[in-house]
Amino acid sequence: MRRLLFKPFAAAIVMTSGVVGCASPPPKQFTRSADTFTPCSSAPHCVWSQADKNGKKYVAPLAFKPANAATARRVLLDVLAASENATVERAEPRFIHATFRSTLGFVDDVTFIVQPKAAVIDVKSSSRLGYYDFGVNRKRVEQLRARFNAQLSAKA
């Protein structure tokens, strides 16, 4: 009897989660200034390159050769355009915001700040909803980094 009740109950939870995931709005503010992100919340569903390097939320920025900021930005936009379930929401000269939508409709915001003087692109990846992300945001940033590095070195 328990098995018969579990399946419809589980299906209802998954469907409700998908609807709620789709309905969650983006953050009101992504950055504090042209060079800094707003910090991640205390929840473990966020990683960013401006975090304490010894902390759990830290992920390295995307690096490029000095004087190649425009090329690095174009390569990043190409990588995002080719990424499954990704949409570039905003693409300014130094700021890029992309969203990634899961099969269930959950949305993650991935933002980038191009830092020409430091020859890096800072990155922040955060889930809009929930507490845990089971490492999805960190894994996504590392996958984007691998594709970014491969395409950037191919252009060199």
Side-chain angles (χ1 to χ4, degrees), residues 9-64 69-116 118-153:
F9 183 69
I13 289 173
V14 169
M15 288 176 15
T16 303
S17 298
V19 171
V20 172
C22 293
S24 56
K28 290 180 182 165
Q29 188 174 347
F30 291 105
T31 60
R32 281 190 174 162
S33 70
D35 295 319
T36 59
F37 292 118
T38 55
C40 287
S41 71
S42 61
H45 65 255
C46 180
V47 295
W48 60 318
S49 59
Q50 295 176 344
D52 175 9
K53 290 183 181 177
N54 297 319
K56 293 181 180 180
K57 295 184 179 290
Y58 178 76
V59 64
L62 309 178
F64 57 88
T71 301
R73 181 184 174 278
R74 272 194 310 274
V75 167
L76 176 58
L77 287 171
D78 290 345
V79 166
L80 291 169
S83 296
E84 191 173 331
N85 301 320
T87 303
V88 175
E89 304 289 342
R90 251 169 75 192
E92 298 172 4
R94 292 194 51 224
F95 179 80
I96 298 169
H97 170 221
T99 55
F100 286 77
R101 186 173 300 274
S102 74
T103 319
L104 295 175
F106 292 101
V107 179
D108 294 341
D109 292 291
V110 185
T111 50
F112 304 88
I113 300 174
V114 180
Q115 308 278 15
V120 298
I121 300 175
D122 278 313
V123 58
K124 179 181 176 185
S125 185
S126 181
S127 301
R128 286 189 188 174
L129 190 65
Y131 188 74
Y132 292 106
D133 73 343
F134 304 100
V136 169
N137 284 292
R138 180 174 300 282
K139 182 178 176 184
R140 177 182 301 115
V141 170
E142 296 308 332
Q143 289 172 342
L144 290 171
R145 177 191 326 287
R147 286 187 252 149
F148 172 81
N149 288 340
Q151 286 191 31
L152 195 60
S153 64

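Along the sequence shown, the residues carry numbers beginning at 1. For the numbers below, each heavy atom of this structure counts, side chains included, while hydrogens, waters and symmetry mates do not.
- Residues F64 and V75 form no side-chain contact, since every pair of their non-hydrogen atoms from C-beta on lies 4.5 Å or further apart.
- Residues A63 and N149 share a closest heavy-atom pair of O-OD1, 4.2 Å.
- Applying the disulfide (SG to SG under 2.5 Å) rule to pairs touching residues 28-63 yields C40-C46, sequence neighbours excluded.
- Annotation: the span from F112 atom CZ to L62 atom CG amounts to 6.5 Å, rounded to 0.5 Å.
- Taking the charged nitrogens against the carboxylate oxygens, R145 and E142 do have a contact shorter than 4.0 Å, which makes a salt bridge.
- Atom CD of E89 sits about 13.0 Å away from atom CD1 of I96, to the nearest 0.5 Å.
- Of the options D109, D133, N137, a side chain to side chain donor-acceptor pair (under 3.5 Å) to S125 is made by N137 and by none of the others.
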Going through the distances and angles, do R128 and T99 end up as a side-chain contact (heavy atoms from CB on, under 4.5 Å)?
CA-CA 10 Å; R128 286 189 188 174; T99 55; 3.6 Å; yes
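- In this structure, the side chain to side chain contact (heavy atoms under 4.5 Å, CB included) partners of P116, at least two apart in sequence or on a different chain, are A69, R94, V114.
- A donor-acceptor pair is defined here as one N or O able to donate and one able to accept, closer than 3.5 Å; such a pair exists between the side chain of Q50 and the backbone of F37.
- A distance of 10.5 Å separates CG in L77 from CZ in F148, rounded to the nearest 0.5 Å.
- No side-chain heavy atom of F100 sits under 4.5 Å from any side-chain heavy atom of V136.
- The line from CH2 of W48 to CG of D122 is 9.5 Å long, rounded to the nearest 0.5 Å.
- When all heavy atoms of R138 and Y58 are compared, the pair lying nearest together is NH1-O, 2.9 Å.
- Although no hydrogens or angles enter the test, the distance criterion places a donor-acceptor pair under 3.5 Å between the side chain of K57 and the main chain of A43.
- I121 places none of its side-chain heavy atoms less than 4.5 Å from the side chain of P61.
- Counting only distance, with no hydrogens or angles, the side chain of K124 and the backbone of T38 share a donor-acceptor pair below 3.5 Å.
- A donor-acceptor pair is defined here as one N or O able to donate and one able to accept, closer than 3.5 Å; no such pair exists between the side chain of H45 and the backbone of S126.
- By the 4.5 Å heavy-atom criterion applied to side chains, L144 and L80 are counted as neighbours.
- Rounding to the nearest 0.5 angstrom, the gap separating the CD1 atom in I113 from the NE2 atom in H97 is 12.5 Å.
- Listed for the R147 side chain is no donor-acceptor partner under 3.5 Å among the backbone atoms of L76.
- Using a 4.5 Å heavy-atom threshold, the side chains of S127 and Y132 count as separate.
- A donor-acceptor distance shorter than 3.5 angstrom exists from the side chain of S49 to the backbone of V123, with no hydrogens or angles considered.
- With rounding to the nearest 0.5 Å, the separation of CG in D108 from CZ in R140 is 4.5 Å.
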